[in-house]
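These notes concern the structure reproduced below.
Heads up: numbering here begins at 1 and tracks the sequence.
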Amino acid sequence: LPPGMYSVLVTDVNSCFLTESFNIKEPDSILPNPLITNVKCHGDFDGTAIFSITGGTEPYNVDWGINNPLNLYAGTYTYTITDGNNCVFTGDVIISEPDPILPNLTTTSVKCHGDSNGTAMLSPTGGTPSYTISWGTSNPAFLPSGPHFYTITDTNNCPYPGVVNISQPGPIVVSPTQQNVSCYGDFDGWCTISIIGGISPYTVDWYGADSLSLSAGTYLYSVSDVNNCILTDSVVITQPDSLKVSYTTTHVQCNGEPTGAIDVSVLFVNPPYSFKWSNLNDPTFIATTEDINNLYAGTYLLIVTDADN
């Protein structure tokens, strides 16, 4: 019989009768009344499902299959409750979990080699806000190049460890090529430079000097890259010593005679030397020896040329 009120009429042979009422009862429906605790950190298995069962008839038996209701991953789990009358209730529980914590990292590299002006900014999502970020001993606003470790912790104390690598340009390296002054007092020295490192393009400042027309001296220059990283250095342009010529003159003994002489001595700076003599009083006079003899009175001009011309 299903539950409900039933009446029965009993009559005997003498037409005597008796009426009796009966109430057929049933247990309440089995209700699991689950208390669900979701997974705190993505990928963990600390979800729980605890029942406060009502209805049916005690005692109850709960079957979770191979699952442990105190150590559940995110997912859907089927269970069966059987009461003392072998009445069965089958249901599902859904265990959720937060999304994985994502750092959403934004970085800027070090501008000049060896500096500490790299930056790293984290904008975490996922997990359970709010977040705490630890950089250890690093300052994310002033980072040198290299790896830097951080940990993001959400409100459920779920950690996300990560590392950011800050890059930097190579050091600015200059390789000068120079030509020294060829003759004392000239300005045919020059210097060109080859540049690597930093970030091109480069700007070279010679502080007013013309690097392709240099006299002897020390010249300061600076190289700046696109990040305004600056290398300052100098180049030394040398020159040979000046020619030093000394001479001894022998004057003519008697008027009109060719008995004069000039004995020349050249300080050895950059031999070999060539000599060219001329006589301002006699355009036909030519001599190419170091010393000249048998000279008439007059004015003689000497041009000495060394190995660098």
Side-chain angles (χ1 to χ4, degrees), residues 35-49 68 70-77 93-176 192-207 220-235:
L35 176 62
I36 303 298
T37 301
N38 292 314
V39 172
K40 290 183 178 180
C41 302
H42 183 86
D44 281 357
F45 53 94
D46 58 352
T48 63
N68 182 347
L70 299 181
N71 295 103
L72 298 176
Y73 290 94
T76 300
Y77 298 89
V93 295
I94 297 176
I95 302 296
S96 65
E97 67 178 348
D99 292 334
I101 295 175
L102 298 177
N104 300 311
L105 181 65
T106 302
T107 64
T108 59
S109 300
V110 171
K111 289 185 177 181
C112 302
H113 184 86
D115 284 354
S116 298
N117 52 16
T119 65
M121 179 179 295
L122 299 174
S123 301
T125 58
T128 305
S130 57
Y131 310 97
T132 300
I133 301 173
S134 172
W135 284 92
T137 58
S138 297
N139 183 340
F142 299 97
L143 295 175
S145 67
H148 301 275
F149 297 90
Y150 62 87
T151 301
I152 301 172
T153 306
D154 72 1
T155 195
N156 283 341
N157 206 34
C158 303
Y160 176 92
V163 60
V164 55
N165 284 293
I166 299 296
S167 62
Q168 67 176 350
I172 296 176
V173 178
V174 173
S175 298
T192 61
I193 55 177
S194 299
I195 308 168
I196 60 173
I199 300 177
S200 61
Y202 309 102
T203 300
V204 180
D205 186 359
W206 284 92
Y207 300 102
L220 186 69
Y221 64 87
S222 65
V223 177
S224 304
D225 72 357
V226 73
N227 283 338
N228 202 34
C229 306
I230 299 174
L231 171 71
T232 300
D233 205 345
S234 62
V235 61

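- Here CG of L143 is found 9.5 Å from CG of N117. Values are rounded to the nearest 0.5 Å.
- In this structure the side chain of T153 never reaches within 4.5 angstrom of the side chain of S134, judged on heavy atoms.
- Between D205 and Y207, the closest heavy-atom pair is OD1-N, 2.8 Å.
- Looking at heavy atoms from C-beta onward, I195 lies in side-chain contact with V204 at the 4.5 angstrom threshold.
- Within a 6.0 Å sphere centred on CZ of F45, other residues, nucleotides and ligands contribute 12 heavy atoms or fewer.
- Under the 3.5 Å distance criterion, with hydrogens and angles disregarded, a donor-acceptor pair is assigned to the side chains of T119 and T108.
- A distance of 12.0 Å separates CD in E97 from CG in L72, rounded to the nearest 0.5 Å.
- Closest non-hydrogen pair, Y202 versus D225, comes out as CD2-CB, 3.9 Å.
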Apply the test side-chain contact (heavy atoms from CB on, under 4.5 Å) to residues I193 and D233: give CA-CA distance (whole Å), side-chain angles for both, the deciding distance (0.1 Å), then the verdict. CA-CA 11 Å; I193 55 177; D233 205 345; over 6 Å; no

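- In this structure, CG on L231 lies 6.5 Å from OH on Y221, to the nearest 0.5 angstrom.
- Counted by atom type alone, S96 and N38 present one or more donor-acceptor pairs between their side chains at under 3.5 Å.
- Here the side chain of N227 pairs no donor or acceptor atom with the backbone of C229 at under 3.5 angstrom.
- Looking at every heavy atom in both residues, D115 comes nearest to V110 through O-CG1, 3.6 Å.
- Not a single donor-acceptor pair under 3.5 Å links the side chain of Q168 to the backbone N or O of P144.
- The side-chain heavy atoms of L122 and I152, taken from C-beta on, include a pair separated by under 4.5 Å.
- Contact annotation: the side chain of P129 never approaches that of T155 to less than 4.5 Å [non-hydrogen atoms, C-beta and beyond].
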For a side-chain contact (heavy atoms from CB on, under 4.5 Å) check, start with the C-alpha distance between T106 and S123, then their side-chain angles and the critical distance, and finish with the verdict. CA-CA 8 Å; T106 302; S123 301; 5.9 Å; no

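- Between the side chains of S109 and S167, at least one donor N or O sits under 3.5 Å from an acceptor N or O.
- With contacts defined as side-chain heavy-atom distances shorter than 4.5 Å, the pair V164/I166 qualifies.
- The number of heavy atoms from other shown groups lying within 6.0 Å of CD1 (I36) is above 12.
- Going from atom CG of L70 over to atom OG1 of T48 covers 6.5 Å, rounded to the nearest 0.5 Å.
- Across W206 and V235, no two heavy atoms sit closer than the pair CZ3-CG1, 3.7 Å.
- Residues P103 and Y150 have side chains in contact (heavy-atom distance under 4.5 Å, counting atoms from C-beta outward).
- Nearest heavy atom pair, residue T128 against residue P98, reads OG1-CG, 3.8 Å.
- No donor-acceptor pair under 3.5 Å is formed between the side chain of H42 and the backbone N or O of D99.
- Atom CG of D154 and atom SG of C41 lie 6.0 Å apart (nearest 0.5 Å).
- T125 and N104 share a donor-acceptor pair across their side chains, judged by distance under 3.5 Å alone.
- Considering every non-hydrogen atom in both S222 and I230, the closest pair reads CB-CG2, 4.1 Å.
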